[in-house]
Every structure is written in structure tokens, then in C-alpha cells.
Amino acid sequence: MVPLNLSPLLLVSLFILSAARSAFSYTWGFPYDSQKIRGVNLGGWLVLEPWITPTLFDITGDSRIIDEYTYCQYQDKTKAAAALKVHWDTWITEQDFKDIAAAGLNHVRIPIGYWAFDVASGEPWIQGQVAYLYKAIAWAQKYNLKIIVDLHGVPGSQNGFDNSGQKMNSPTWHLNATNVQRSNAVITKIASQFKDMSGVIPAIAALNEPAGWYGTAMMNVVKQFWHDSYGNIRYPYGGDRTSNTVVIISDAFQPASYWRGFMPAPRWEGVILDTHIYQVFDNSLVRWSEDQHIKAACSRGPGLQESGLWTVVGEWSPARTDCAKYLNGRGVGARYDGTYPGSSRVGSCAGFSGKAVTFSDSYKTFLRKFWEAQTKAYETERGWIQWCWKAEQADEWSYQAGLKNGWIPQNPTNRLYPNICG
Ligand SMILES: *[C@@H]1O[C@H](CO)[C@@H](O)[C@H](O)[C@H]1NC(C)=O
């Protein structure tokens, strides 16, 4: 509706403004405004995770090795480097990209740690990951997949999870300005390397899962980091010229309402909020019935729009227990069977994790329903990226195993339960 009392001056400036807006409209590498993100995370490849490849950790025979940092710290360097090279060469290959494309997916999110780009003296990290990122780019181009480069670990750790590279009780990233400066430098490096490749890398995720539960001390650093990352990713040319690269920011475990009004368009263009939804990392959640899991998934849809930002569910899984070996850390047990500190037993993990041959038909039917409920709910916003493409011995998490064993359809729009969410 046009107000009637506009002054000529205001009309002229509105005209200039709208002309300027269209002159500066962006060509994203993927039509995020009109098509759904359907993807998988290539977890456990360029950042090790004990639960995704338990063998790689067990074979060391050293129980102090609980993450990639200690993997590099407590082994002979040459031996560790050789094992990592074999892992990088074999865990994900061109065939995976071919299979991912053949499954009707359009995105892969690739976690990578800061240490692939920057190792300070005294740090034990072993490098070599970036060459594999370039292989992935070539494969993605060949099979017409989009890559999200996802900075998954920063100096001092942003969350203390083993998947940040360094498991620790009290993460220190946000407490140390040097850590944050190094992280900004890594994002700048990533953004400048890929600034002219938005056709294959349409988006960069500035930092995975910073631990928002540390309160304002953490959140103030996180919000400043999102602002700085926006500048680094959208303005990589050293002037006013913008890239076409979309900036993905993590919700840092805050509700969507927390982010309402944060980095709004049109002042900020091309921002996607990334939220992660798991229903297994809590004593009460692992007690839920199958129906409770499905109902909860369905109910997440509407809330995804509350921030006002484009929102993707960048991690989620059809798992309904935390039974996968080492899921809570190497040598740590599961809430579901009561072997995790402070948990009480719900039941046996047998038949809930491991190889699909051990899964009952009714469990596989549940996995299919839960998968359909989640993808349906998440497609009410920008879409979804399942965690993860493959896992050594946790088929309930593996997209690849889901395809092979029928609880994930070969075409993600094929639904056996189209009314699962009512
Ligand atoms: C801050 O982090 C850097 C590494 O990024 C480390 O060298 C330095 O000692 C830390 N400073 C403090 C005060 O902990």
C-alpha cells in the first residue's frame, strides 16, 4: 500500500534507494530464497571425531588420545601423519560425492579446523587438510554439489567438544583475544581463497557451535565474531565490492527468538542462521518414546522462522539414543544404558546402534518416520543437512547406511508418510 502524503523529495529518494537495491542484488551460488537445502555433513574427515572413526583411535592403544589434538600430541609424529594421510585419502573419496549427488542432495558441509590454516609454535597439530578440501571442490564441481566450508574448531576451543579438535572442561577461545584474532585471520584466509568460487562454495560457516551457555561473556564475543566474519566473508576484495558468498552463523544454542533483529536485511545481506537439533544429549530425551521424538520434530518447524533470518538445520540425526560408541567422548558411556556419569538406565543399547543388520524392522520403520518428520519440518524453512554422511559403526547416524538399508529414500522427496506431521 502506498501512503498518499509522500513528498516529492521522499519519492525521489525512494526511487534511488530501490534502484540502488536492485543494482546491488546478489547472485548467490545457490537459490537459498527459492530452493531447499538438502545435504549431509562430511563429519569425521578433516576433523577427527572418535565416535565416527573409533578404530582410528583404538588402534593407537593410548587412552589419552581422545581428540585430534591428543592424536597428534601423544603419538610419534611420523606415524600419526601417515595414519592421517591414509584416513584423508580413504574416508571420503570421489565415489562419495557421486553417491551424495545420486541421492538427490545438493549440499555437503565440510568441517575443518583452524589448524589446517594456522599452527602456532607449541601446538602439536598435523596439517595437510586443505589439499583435501581442494579435492572436494573438484568433485563437487563434477557432480554439481555445493560446499559449505565450516570452521569447526578455533584456538582454545569454542565449546570444549572433541569435535572442536580439543576436548576440554572449560573452553578458552572467548577468554583470550589472541585466540579470537587468530580465528578472524583464518576466516579472512578462507574467504579470500574462495571469494571467486561462490558457484561451488556458496556459503562459509564462520564457527560451529560456540558454547552460548557460558552466558554474556561468550555471547558478546560470538556476536562480535559474527559481525567481523560478515565483513571478512562479504568484503574480501579490500574495498566496497562484495562477494556473493553467504555467511552462516551458528545460533550458539540460543533460541531463535534471541536472534530476532540481529544482522537484519537489507543492512546485512546473505546471512543464514544455523541451528542444530539433536534429541539424545539429555537424560530425559533418551527416555522419550518413538512418538514423542516424532511429535517434537514436527513441532520444530514453525519456530525456525522466529529469528527473521534465513535458517537452516545444519546438523540433526535420526538417532533416538546416545548409544553410538564414543558419541559422548572416547571411553565415555551412554545415558541410554546408564553408563554415562549421572544417568540412569533406560534400556540396553543392543539393536539401537551399530550395524543395520542388528536393527529390528520396527526400529528401521521408526528411523524412516523420524527422518521424514524432521526433513518435513526443516523444509518449512531453508532446509537441512544431516549429521552425517557416514560413520564406521553407527548406522543410525549414517545417511549412507540409511540409503542402503531403506530408511532414507534414494530421492529425498519420496515419502512413505507424507502426513507424518499432520
Ligand atoms: C591466548 O592464546 C594463545 C594461543 O592462541 C596463547 O599462546 C596464549 O598463551 C593465550 N594467553 C593466555 C593469557 O592464556
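Remember, it's 1-based here, ligands and their atoms both numbered in the order they're listed. All values derive from a computational prediction rather than experimental measurement.
Taking only non-hydrogen atoms, the option from Val154, Asp118, Asn176 nearest to atom 2 (O) of ligand 1 is Asn176.
Asp62 and Thr60 share no side-chain donor-acceptor pair at under 3.5 Å.
Arg330 forms no cation-pi arrangement with Phe57, by the criterion of a distance under 6.0 Å to the ring centre and an angle within 45° of the ring axis.
Closest approach of Ile201 and Thr245 over heavy atoms only: O-CG2, 4.2 Å.
The ring of Tyr114 has its center closer than 6.0 angstrom to the ring center of Trp125.
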Could you please spell out the steps behind the salt bridge (Lys or Arg N to Asp or Glu O under 4.0 Å) verdict for Lys98 and Glu94?
CA-CA 6 Å; Lys98 195 175 176 184; Glu94 178 174 345; over 6 Å; no
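Taking only nitrogen or oxygen atoms, main chain and side chain alike, Thr178 does not reach within less than 3.5 Å of ligand 1. The shortest N/O to N/O separation between Glu123 and ligand 1 does not fall below 3.5 Å.
Taking atom 5 (O) of ligand 1 as the reference point, the nearest protein heavy-atom neighbour is Asn179 OD1, 2.6 Å.
Closer than 4.0 Å to atom 7 (O) of ligand 1 lies none of the heavy atoms of the protein.
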